[in-house]
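Some notes on the structure that comes next.
First listed ligand is number 1; within each ligand, the first listed atom is number 1. Since we're looking at a predicted model, the values are computed, not measured.
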Amino acid sequence: YTMSYWLIVPAAGKGKRFGGQLPKQYLSLGQSTVMQTTLNRLSTLSEITQIIVPIHPEDDIAQTLTYQNPEKIRFVTGGAERADSVLAGLEAIKTQTKPDDWVLVHDVARPCVRLADIRLMFTQLATDTVGGILAAPVRDTIKQSADNGENHIIATVPRQQLWQAFTPQMFRFDVIYQALTQALLQNHLVTDEASAVELLGLKPRLITGALDNLKITYPEDLLLAEFLIRQQTT
Ligand code: C5P
């Protein structure tokens, strides 16, 4: 048999760091919104069976927008934290999945992800029993500051083994389901899915992705994302 690929795009956050009224995924990016750009791009991947989008219970925008492949998209109610939202997505597909099906989790706020990088994950992780994430080696020199609020440098951290974690993060269904269930039970702070998988003692792989996989965090990132998308050819 052939295994399936499922995609979860958590979009249930309220965008605390961004400020403003509207969650960042609903801000304009070129001719559409961040959310539409991300979902339209990912929905062209023929390997993906379904895209599950956890949204805030009071979200009255997501389902009114138009999408390129609406038949692939399924909205579900997200949870209090990102990990709760992803787990809600997993619960929604649980009865349709096999244990070694692949689940990709991708931030809605990363509209510039290259499909070529996702296809690279598919091939590089094909025989892996755990999974991996898109990432890039840290390029700047990394400084550690004192804990006194005055930002004095106390150390220079060797960066040879340091990476920036991006999304998608791709795991076998049984691995990510168990990882998130356990992490939430044990009250661990989970900022990405890999960290929950690491808590199980497993070792997800780092797949080098393009650096233009920007996460829209501040308003000025929108123009940069628009520029990056216009430059992309893969
Ligand atoms: O706020 P931050 O950028 O870290 O959020 C990362 C992603 O997690 C966003 O796509 C956000 O919508 C999502 N999220 C969620 N449910 C929450 C909190 C965040 O789906 N309760």
- A student checking ligand 1 against Val108 at a 4.0 Å heavy-atom cut-off should list atoms 10 (O)

- Query: Which residue from His56, Met35, Arg82, Gln25 reaches closest to atom 8 (O) of ligand 1 through any of its heavy atoms?
  - Reply: Arg82

- Any N or O of Ala80 that comes nearer than 3.5 Å to an N or O of ligand 1? yes

- Identify which of Ser85, Gly13, Ala88 has a heavy atom lying nearest to atom 11 (C) of ligand 1. Gly13

- Message: Once rounded to the nearest 0.5 Å, what's the spacing between atom CG of Leu90 and atom CG of Asp174?
- Response: 11.0 Å

- Query: So do the side chains of Val113 and Leu134 get within less than 4.5 Å of each other, counting heavy atoms only?
  - Reply: yes

- Query: Does Ile176 share a hydrophobic cluster with Leu199, counting links as ILVMFWY side-chain heavy atoms below 4.5 Å and allowing steps through other members?
  - Reply: no

- Task: Step through the shown structure and confirm whether more than 12 heavy atoms of other residues, nucleotides or ligands are within 6.0 Å of CD1 on Ile154.
- Result: yes

- Query: Given that the side chain starts at C-beta and the backbone is N, CA, C, O, which of these parts of Glu81 lies under 4.0 Å from ligand 1, counting heavy atoms, or is it both or neither?
  - Reply: backbone

- Message: Counting only heavy atoms closer than 4.0 Å, does ligand 1 sit against the backbone of Lys24, its side chain, both, or neither?
- Response: side chain

- Message: Taking 4.0 Å as the limit for heavy-atom contacts, which would you say applies to Pro10 with ligand 1: side chain only, backbone only, both, or neither?
- Response: both

- Task: Check each heavy atom of Pro54 against ligand 1 and say whether those closer than 4.0 Å belong to the side chain, the backbone, both or neither.
- Result: neither

- Can you label the angle between the Tyr5 ring and the Trp102 ring as parallel, tilted or perpendicular, going by 30° and 60°? parallel

Exercise answer: donor-acceptor pairs, residues 177-186 side-chain atoms, under 3.5 Å, sequence neighbours excluded:
residue, atom, partner, partner atom, Å
Tyr177, OH, Glu91, OE1, 3.4
Tyr177, OH, Glu91, OE2, 2.7
Tyr177, OH, Lys94, NZ, 3.4
Thr181, OG1, Tyr177, O, 2.5
Gln182, OE1, Gln186, NE2, 3.1
Gln186, OE1, His188, NE2, 3.3

- Task: Would you kindly specify which portion of Lys215 sits under 4.0 Å from ligand 1, judged on non-hydrogen atoms: side chain, backbone, both or neither?
- Result: side chain

- Item | For His106, the option from Thr167, Asn213, Thr38 that meets side-chain hydrogen bond (donor to acceptor under 3.5 Å, both in side chains) | Thr167

- Query: Would you call Gly78 a ligand 1 contact, heavy-atom distance under 4.0 Å?
  - Reply: no

